Amino acid sequence: MFFKIPTTVYFEKDCVLHSQKEIQALGKKALIVCGQHSAYSNGSFDDVITVLQDQNIAYELFDRIEENPSMQTVEEAYKLNKDKNIDFIIAVGGGSAMDAAKAIGVMLYYGLDEAAKLYDQPLGHCSLPIVAIPTTCGTGSEVTAAAVLTNNIIKSKASITYRIYPKIALLDGKYLRTLSVKNIKNTAVDALGHLIESYISSKATKFSDMLTSEGLRVWGLNKEILKDPANLLPQDYENLLLASVYGGMAIAHCGTNIPHGLSYPLTYYENIPHGKAVGFFLYGLLKYADRQRVKEVLDLLGFNNLEELKTYLSVIFSLEKPADYILDKAVEELAQNKNKLSYAPYNANKDLLRKIAYSLWTE
């Protein structure tokens, strides 16, 4: 067993403004990495600028991160900033911004001139220091070493080979308040996937169970709220974010397995949001898992049985059945991914993967 979370995590209201000295210690010039909308609307960008100006830290801005960031985008960010003496990176946003920032940080640190080199044998596991400020409640990237990019070479999403933990994670529930109902739901089910896949995993340990058990309990506090998340209270946002952080810490130790593996083609080819794509396959994973472990998951979440969870997932997250061809493609691709399947809790051949992929609608 092992337990390692090298990221320093601050979870409190106004924690960005309260962390000026920690940010100042990282250097004299920052690169802010974010998308084009949410960081500006939820107040996180303004808080970051306040800190940088108060501490006389210069900065560059790259705000072109798209949902499911591509290799081309991170390569563009590298080329624009490789000669600007960047000391550290501040990632503001969801998993897309944080994953892209990790990749950019690696390229700047090692001077990699092509994003494709992020998938080569790593030169080490270093990058420019990353400050991660999550503004969604699903990815957990602020406490993991993974960075997933859209890789057009293999026509799927895939994590880079470099393992990069952020130096600091600053978590404030207030940044979730401008999220749409759709984004709240999509990111929340991603967090649920992280928690369930970590608990139902060949890599689970007593340490990871500690994280997932509390994460599942906290996520369960949100399950009624998620039926109609239009009027969330501050405590609700904090619980959603806390469950997400527990999920990130859990997959830092256990990785993800079948639901995530099946989800990537749905996102790449059909543009189905990542969290929602994961949600399609959680019931199937549990259906064939150890009965005692499944009961523990259901008890922690507050469901009486697996069928109750199935109904909840289908209705609350609007999980209408995707086309057969994309489900079959997902099965074919995952069946070839021996590394991802090594994290599964049971031996999953192609026939069983197909049952899992279709089970939400056929059983």
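For the numbers below, each heavy atom of this structure counts, side chains included, while hydrogens, waters and symmetry mates do not. Note that the structure is a prediction, hence the values are computed from the model and not measured.
Looking at Tyr358 and Asp324, their side chains come closer than 4.5 Å, going by heavy atoms from C-beta outward. At least one side-chain heavy atom of Arg177 sits less than 4.5 Å from a side-chain heavy atom of Pro234. Two residues are said to be in side-chain contact when any heavy atoms from C-beta on lie closer than 4.5 Å; Thr73 and Phe62 meet this criterion. In this structure, the side chains of Phe280 and Ser263 stay at 4.5 Å or more apart for every pair of heavy atoms. When side chains are defined from C-beta on, Ile168 counts as touching Leu26, because their heavy atoms get closer than 4.5 Å.
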Practice problem: Assess whether side-chain hydrogen bond (donor to acceptor under 3.5 Å, both in side chains) is satisfied between Glu333 and Tyr264, documenting all intermediate values. | Solution: CA-CA 9 Å; Glu333 291 190 7; Tyr264 295 140; over 6 Å; no
Practice problem: Before giving the answer on side-chain hydrogen bond (donor to acceptor under 3.5 Å, both in side chains), spell out for Glu307 and Tyr283 the whole-Å C-alpha distance, their side-chain angles and the decisive distance to 0.1 Å. | Solution: CA-CA 9 Å; Glu307 290 303 307; Tyr283 168 76; 2.9 Å; yes
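Remark: the backbone N or O of Lys28 is paired with a side-chain donor or acceptor of Asp87 at under 3.5 angstrom. Not one N or O on the side chain of Gln55 forms a donor-acceptor pair closer than 3.5 Å with the backbone of Gln20. Judged by distance alone, the side chain of Ser244 and the main-chain N or O of Gly138 form a donor-acceptor pair under 3.5 Å. Of the possible donor and acceptor atoms, one in the side chain of Trp361 sits under 3.5 Å from a partner among the backbone N and O of Leu319. Looking only at distances, no side-chain donor or acceptor of Ser198 sits under 3.5 Å from a matching main-chain atom of Leu195.
Annotation for Pro134 and Ala132: closest pair CD-O, 3.6 Å, computed over non-hydrogen atoms. Among all heavy-atom pairs drawn from Cys137 and Leu176, the shortest one is CB-CD2, 3.5 Å. Here the closest heavy-atom approach between residue Ala348 and residue Ile258 is recorded as CB-CD1, 3.9 Å. Ala97 approaches Val33 most closely through the heavy-atom pair O-CG1, 3.9 Å. The two residues Leu31 and Ile104 make their nearest non-hydrogen contact at CD2-CG2, 4.0 Å. Across every non-hydrogen atom of His253 and Phe3, the tightest pair is NE2-CA, 3.4 Å.
Applying the ring pair (Phe, Tyr, Trp, His ring centres under 6.0 Å) rule to Tyr162 yields the partners Tyr110; only residues at least two apart in sequence or on another chain are considered. For Glu22, the salt bridge (charged side-chain N to carboxylate O under 4.0 Å, His left out) criterion is met by no residue, not counting sequence neighbours.
Defined by atom type and a distance below 3.5 Å, a donor-acceptor pair is present between the side-chain atoms of Tyr40 and Asp63. No donor-acceptor contact under 3.5 angstrom links the side chains of Tyr78 and Asp113, judged on distance only.
Ile251 is not connected to Ile164 by any chain of hydrophobic side-chain contacts under 4.5 Å among Ile, Leu, Val, Met, Phe, Trp and Tyr, and they are in different clusters.
If you run side chain to side chain donor-acceptor pair (under 3.5 Å) between Tyr268 and each of Asn152, Asn68, Asn151, only Asn152 comes through.
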